[in-house]
Visitor: 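What follows is a structure written as structure tokens; I'll ask about it next.
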Amino acid sequence: MADQSVFEKLPEYIQTGLKKVAVDQGFTDGAYRFEFEDGSNKGDGFMGELFKVFIRENGREELVVLCKTLPKHEIRKRYTISMFHREVAAYNEVLPLIKKFQVDKGVSEDSVEGFWSFPKSYYAYCDMAKMEGLIVMEDLREKHFRMWNKLEPVNNDHTKLVMRQLGKLHAVSFALKDQQPETFEKFKRFNDPLSQLIAYDPTKGMMRMMNGTCERAVQALDEKDTLYKTKMESVRGVVTDLYQKDATASEAEPYAVLGHGDCWINNMLYSYGKDDTIPTDIRLIDWQLCRYGSPVLDLMYFIFTSTDAQLRAEHYEAWLNTYYESLAEYLKQLDGDAERQFPKVAFEQQLKRFGRFGLLISFLVLPIICTPNVETPDIEKHMEMAMKAKEAKVETPGADEKIFSHTEKSDAMFQSRVRGIIKDVVRLDYL
């Protein structure tokens, strides 16, 4: 915990944002104070800095908020600001529209029927020209939400809850697209931010990293896995090209929706009942990749990066049914019709077309998942090396260099998980 002097050392735009939150929440000007503490563990997130703020005033209940800001490191800041800008747009435009549409349809925020699985935002600001960004949101840990251990594949109960909520999120999007087309039209500009990052990264770091991870994945296959190795030939060396194609909304029309975009286990917080094992509620956090695209992208992202092969063998079809039933039921409640707007046959076609996305995104996310937080590498150092190499016009270290999951134990975990992903994607005829 720190004293008020910390506040004066913050950039002016952060001071302004926090003051606005305090006033908006009814604190008395001149009577309240701010106190601070760190808001995250190393390795929890890579797009920004987090710190916790207590807004206190004698005689009234304190307000605890979580502040997310741009990274302090200049290269990393430039690298992530476009995604931070998208997350601010999600909190200022997308989520308020989703909330208002449901309320106007008579769905109460207190009900379990609607899609309310996102944090409350008190303030969200980003100025790309000034390289400034701040999001002030509720601290869900104060409400007993917690993160799953990313090193452990998530179980069936947690996955079903994600599928139900994604069904509701996509149902709202389908309903908005159909019933308020003029309002919805502006969100069609929400191209995939990661694709933009890949396209405009002067160091080509993302391309080399994802293609390098693909090579690691192929090497993880056994000698006898000739079918899977043959199938992987269509992916090797072109991972980011395929990723950009799959993330393009026009590929999914007329069934493109607004999705979360970054559906891996570290971007979910769960709360539990008395048994403390079966989740009763969920919040989707980190909306920086919120995008307009195929609804299947969210599903494949979560299922293939956050579950393992054994669980998929037992429950994969049931998860897809849970998702579709949730979408159809809630869309009907919102005066829509799944048979008209997203029939089951179209869902199956989208799975066939975009199912490989689970494999493609795993080349980015799986090494991170398999790396314990204490082994999280110095991202800034690698960025500086790549930038210097670019400026000097020399080759950077090989594409197969392991930045994440580089220890023997984490590498073994990666190999086991990625083998399962490849085999499942081939078995399901997605590749």
Side-chain angles (χ1 to χ4, degrees), residues 7 10-27 34 36 39-40 44-55 63-72 76-103 109 115-143 145 169 172-173 176 183-184 186-187 189-194 196-197 258-263 266-269 283-292:
F7 180 76
L10 293 171
E12 186 177 348
Y13 73 92
I14 296 180
Q15 293 186 30
T16 299
L18 284 173
K19 286 177 181 176
K20 186 176 189 313
V21 171
V23 171
D24 288 349
Q25 298 305 308
F27 287 87
F34 298 108
F36 303 83
S40 69
D44 280 351
F46 296 91
M47 295 302 172
E49 312 280 345
L50 289 173
F51 59 93
K52 195 171 183 175
V53 181
F54 300 80
I55 308 177
L63 177 65
V64 185
V65 297
L66 201 59
C67 292
K68 184 174 184 177
T69 64
L70 286 161
K72 294 184 179 71
R76 195 167 165 192
K77 184 186 292 186
R78 293 201 302 272
Y79 194 74
T80 59
I81 191 166
S82 62
M83 287 179 278
F84 198 98
H85 188 266
R86 175 60 55 83
E87 186 164 22
V88 167
Y91 281 115
N92 284 341
E93 300 178 57
V94 178
L95 295 173
L97 177 62
I98 285 173
K99 177 180 175 181
K100 182 179 186 302
F101 183 78
Q102 292 178 101
V103 170
E109 287 185 68
F115 176 74
W116 310 110
S117 297
F118 49 89
K120 178 178 180 179
S121 169
Y122 295 100
Y123 179 83
Y125 158 80
C126 185
D127 187 320
M128 294 184 72
K130 293 181 179 178
M131 300 290 281
E132 296 176 350
L134 173 68
I135 299 171
V136 183
M137 67 193 100
E138 64 178 327
D139 186 348
L140 291 163
R141 290 167 298 186
E142 295 291 312
K143 296 184 177 180
F145 282 84
L169 168 61
V172 178
S173 188
L176 272 165
T183 302
F184 189 84
K186 65 179 180 179
F187 296 113
R189 78 180 195 275
F190 276 35
N191 298 324
D192 177 61
L194 205 54
Q196 295 171 312
L197 193 65
L258 276 170
H260 177 271
D262 203 6
C263 286
N266 262 29
N267 290 339
M268 319 277 165
L269 292 174
R283 295 291 181 270
L284 308 185
I285 60 172
D286 288 358
W287 289 77
Q288 67 262 357
L289 296 185
C290 174
R291 62 166 168 241
Y292 181 64

Visitor: Quick one, M131 and R78 - any side-chain contact, counting heavy atoms below 4.5 Å?
Guide: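 In short, these two side chains touch, coming nearer than 4.5 Å.
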Visitor: W287 versus P119: any side-chain heavy-atom pair under 4.5 Å?
Guide: yes
Visitor: Compare every heavy atom of I81 with every heavy atom of E132, then report the nearest pair and how far apart it is.
Guide: N-CD1, 4.4 Å
Visitor: Just how far is it from atom CD of Q25 to atom NZ of K20, taken to the nearest 0.5 Å?
Guide: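 If we round to the nearest 0.5 Å, Q25:CD and K20:NZ are 9.5 Å apart.
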Visitor: Could you give the distance from CG (L289) to CG (D192), rounded to the nearest 0.5 Å?
Guide: 6.5 Å
Visitor: Indicate the atoms forming the closest heavy-atom contact of F190 with C290, along with that distance.
Guide: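 Smallest heavy-atom distance, with atoms named: CD2-O, 4.1 Å.
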Visitor: Any side-chain to backbone donor/acceptor pair from Q102 onto I98? Under 3.5 Å, distance only.
Guide: yes
Visitor: Nearest 0.5 angstrom please: K52 NZ to F36 CZ, how far?
Guide: 13.5 Å
Visitor: Is it true that a side-chain atom of R86 and a backbone atom of N191 form a donor plus acceptor pair closer than 3.5 Å?
Guide: yes
Visitor: Where does the angle between the aromatic ring planes of F34 and F7 fall among parallel (under 30°), tilted (30 to 60°) and perpendicular (over 60°)?
Guide: parallel
Visitor: In Å, rounded to the nearest 0.5 Å, how long is the span from CD1 of I135 to OG1 of T69?
Guide: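 The CD1 atom of I135 sits 9.5 Å away from the OG1 atom of T69.
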Visitor: Determine yes or no for a side-chain-to-main-chain donor-acceptor pair under 3.5 angstrom, with Q15 supplying the side chain and L10 the backbone.
Guide: yes
Visitor: Might you point out which heavy atoms bring A124 and Y91 nearest each other, and give the distance in Å?
Guide: CB-CB, 4.1 Å
Visitor: Rounded to the nearest 0.5 Å, what separation is found between the CG atom of L95 and the CH2 atom of W116?
Guide: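 L95 atom CG to W116 atom CH2 measures 11.0 Å (nearest 0.5 Å).
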Visitor: For side chain to side chain contact (heavy atoms under 4.5 Å, CB included), just list the numbers for Y123 and D24, CA-CA rounded to whole Å, side-chain angles, deciding distance to a tenth of an Å, and then say yes or no.
Guide: CA-CA 10 Å; Y123 179 83; D24 288 349; over 6 Å; no
Visitor: Under a 4.5 Å cut-off applied to non-hydrogen side-chain atoms, are I285 and L140 in contact?
Guide: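 They are in contact (side-chain heavy atoms under 4.5 Å apart), so the answer is yes.
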Visitor: Please check: side-chain N/O of D262 versus main-chain N/O of Q288, any donor-acceptor pairing under 3.5 Å?
Guide: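 Between the backbone of Q288 and the side chain of D262 there is no qualifying donor-acceptor contact (under 3.5 Å).
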Visitor: Minimum heavy-atom separation for L258 and Y292, please, with both atom names.
Guide: N-CD1, 4.1 Å
Visitor: Looking only at heavy atoms, which two atoms of M137 and K68 are closest? And how far apart?
Guide: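 Of all heavy-atom pairs spanning M137 and K68, the closest is CE-CB, 4.0 Å.
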Visitor: Supply the atom-to-atom distance Y122 OH to L63 CG, rounded to the nearest 0.5 angstrom.
Guide: 4.5 Å
Visitor: Identify whether the distance between the nearest side-chain nitrogen and carboxylate oxygen of K130 and E12 falls below 4.0 Å.
Guide: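 A salt bridge is absent here (no side-chain N lies under 4.0 Å from a carboxylate O).
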